[in-house]
Structures are given as structure tokens and as C-alpha cells.
Number of protein chains: 2
Amino acid sequence: MEATTAIAALSALAQEHRLALFRLLVQAGEEGMAAGAIADALGVPNSSLSFHLAQLNRAGLVRQERQHRSLIYRADYAAMNGLVSYLIENCCAGAGCGADQACVETDARQKRKSA
Amino acid sequence: MEATTAIAALSALAQEHRLALFRLLVQAGEEGMAAGAIADALGVPNSSLSFHLAQLNRAGLVRQERQHRSLIYRADYAAMNGLVSYLIENCCAGAGCGADQACVETDARQKRKSA
DNA sequence: TCCTCGTTTCGAGGATCATGGAAATGTCAG
DNA sequence: CTGACATTTCCATGATCCTCGAAACGAGGA
């Protein structure tokens, strides 16, 4: 992942409504949600929500698909994991982070992915 | 982690210089780096760097410690992992994300942590 | 104490972003 | 074709953020 891509993703997530929206889609899973249902769940005006959905889409964090009259949105798990991996890249200079077990786990996980 | 905290962290990371800075500290590990050394490595004016370091510090992503005349900065791995966990919370609605192996891994990792 | 070095704060200018109503677009049923 | 519905685009307003030189601050060394 390039820095530009990561910044786009982080900028997209660094906003109250968009963070809630993305997490909603992450938890919704493969089924996804229609724009209207999301607006309902979040209590955001349609025009605002559309703006935020477009931002997340442009950042590659969500994908849209037509289904009858509705647009279904889904979280892009690959992009999400790519961002996470980018953040913890070469974590801890190979020192194992001392007492921080969580960091060791994420580091190991990344190595497993690239192997 | 609360939404406000996560947004603060994401906002802090959603900026070219700060993202590079944070990743530099993540890779530097426990040893950390002095403000001057960071400014040198990134080619950013001192005043700008100080501004960005303050943002990361206020977001809880880095910690500072005096050492003689220099201020040593270190990445806060606990905060980093907290943010990651917040993002992937209840990932995939327990569906295993279909073909997306990476997501399954992160989901499993999170469950392991909270167990 | 005086001076130097490392770092932070101040301040103004330019750039980017969020909001939400109204109008436009696209999709389908009758 | 017409009407109804779901969603997006347009647009102006207000708010927030980034930059960096200059000045201020704080900690040692002589």
C-alpha cells in the first residue's frame, strides 16, 4: 500500500459520521446495507450521507452495487486489512515490543500474510 | 475505545507528515527518536514538526520523555492496537467474510485478545 | 551567571472540508 | 408514459486545518 492510499483511507475514517458508517458496514458483513437504511440507522440527512459514502468509496473502503432501486454498500475488508498492515509495518524494529503482547501478535500476523 | 478517541487518532494519522512520522516511530521501536532526529529524517521544519508531534501526542499515539536536552518520542503501541481493534470490531457479522482470509485472521486475533 | 542548543509557541495566510436544502438523475410499477 | 421512490449532484456558508518564520522557553555547560 502506498502512503497516498493510506492517507485517503485514514482521512475518510477520520470523521464522526464516516467512522460510524464504516463500522456499521464492517459489522453488517457480506450482506451490506442500502443507502436509505444507513441514513435511517445513523440519523443523517440523505445528501450528507451520500457525500460521506462517496468519500469512503473514493478511498476504496466501501463498494457499491445496484439492487433493484437501492444501492447496496459493503465494507471492503481487503482495503481495511491493507491499511492496518501498513500502519504496523516493521513494527517495533524486530524487538518484540517488550511487554506489549498485542503488537507481537499483529507483527506475526503480517509476516504470515506476506509469506 | 470510544468513538471520540478513535476519531482523534485517525485525524492525527490522516496527514502526510504525521503518518510518515508515526510509522517512523513505530519502526524505531522502544528506543524512540529525538525531535531533531525526526525533523532531519523527514525534512520538515522544526516548527511544523513540533505542531505535528503535538497532534499525535494529544491523540495519545506517541509519548514524550526528556533525555538531557532532547525530547525523545516513542509510538504508543497500546493505542495503536486499540485503534485497530476498534476498526475491526465485530467484523463480518460472524460470517467469516467468505473468501477474505485476512479478515478471518484479524477477527480471530481480536477474539483471542479479549479471551 | 551567561550563553548555547533543542524545542515549542505565536500568528497570519491560504487551502481544504462538512453541512443540508433544492433540484436533477436513475429505476421500476401500473 | 406517468407517477413514485431511492439516491446523487449542486451550491453557498461556515468551520477547521496546514505551513513556517520569528520569537519565546527550558535545560545544561563554562
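In what follows, chains are A, B, ... by sequence order, proteins preceding strands, each numbered from 1.
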Next item on the list: With the side chain counted from C-beta on, respond yes when B:F51 and B:R18 share a heavy-atom pair under 4.5 Å apart, and no when they do not.
Entry: yes
Notebook entry, point to check: Is there a side-chain contact between B:L21 and B:L42 (heavy atoms, below 4.5 Å)?
Noted result: yes
Length of the [atom1]-[atom2] vector between [X] and [N], whole Å:
X	N	atom1	atom2	result
A:I7	D:dC18	CD1	C1'	13 Å
A:R66	C:dT27	CZ	C1'	6 Å
B:R58	D:dT16	CZ	P	13 Å
A:M33	D:dA6	CE	C1'	15 Å
B:L53	C:dT9	CG	P	11 Å
A:Q55	C:dA18	CD	C1'	9 Å
A:Q64	D:dT9	CD	C1'	14 Å
B:I38	C:dG6	CD1	C1'	13 Å

Check: Reckon A:A54 touches a base, only the sugar-phosphate, or nothing at all at heavy-atom distances under 4.0 Å?
Finding: nothing
Hey, is the side chain of [X] poking within less than 4.0 Å of OP1 or OP2 on [N], counting only N and O atoms?
X	N	result
B:S50	C:dT8	yes
A:R18	C:dA18	yes
A:S48	C:dT19	no
B:H52	D:dC17	no
A:R69	D:dA4	no
B:Y73	C:dT8	yes

Next item on the list: Please check if the side chain of A:S11 supplies one atom and the backbone of A:I7 the other of a donor-acceptor pair under 3.5 Å.
Entry: yes
Checklist line | Heavy-atom donor-acceptor pair, B:R74 side chain to B:A28 backbone, under 3.5 Å | finding: no
Notebook entry, point to check: Which residue, B:L71, B:L24, B:I72, forms the side-chain contact (heavy atoms from CB on, under 4.5 Å) with B:M33?
Noted result: B:L24
Between [options], spot the one nearest the side chain of [X], thanks.
X	options	result
B:H68	C:dA18, D:dA27, D:dG28	D:dG28
B:A35	C:dT7, C:dG20, C:dC28	C:dT7
A:N46	D:dC18, D:dG28, D:dT7	D:dT7

Next item on the list: Would you sort out whether A:I88 and B:V26 count as a side-chain contact (heavy atoms from CB on, under 4.5 Å), showing the intermediate values?
Entry: CA-CA 7 Å; A:I88 65 184; B:V26 162; 5.5 Å; no
Check: Looking only at heavy atoms, which two atoms of B:A3 and A:L19 are closest? And how far apart?
Finding: O-CD2, 4.2 Å
Next item on the list: Rounded to the nearest 0.5 Å, what's the gap from CE on B:M1 to CG on B:N81? Could you check?
Entry: 9.5 Å
Checklist line | Distance-only donor-acceptor test (3.5 Å): side chain B:S70, base C:dG6 | finding: no
Check: Of the residues in residues 9-17 of chain A, which ones touch DNA chain C at a heavy-atom distance under 4.0 Å?
Finding: A:Q15, A:H17
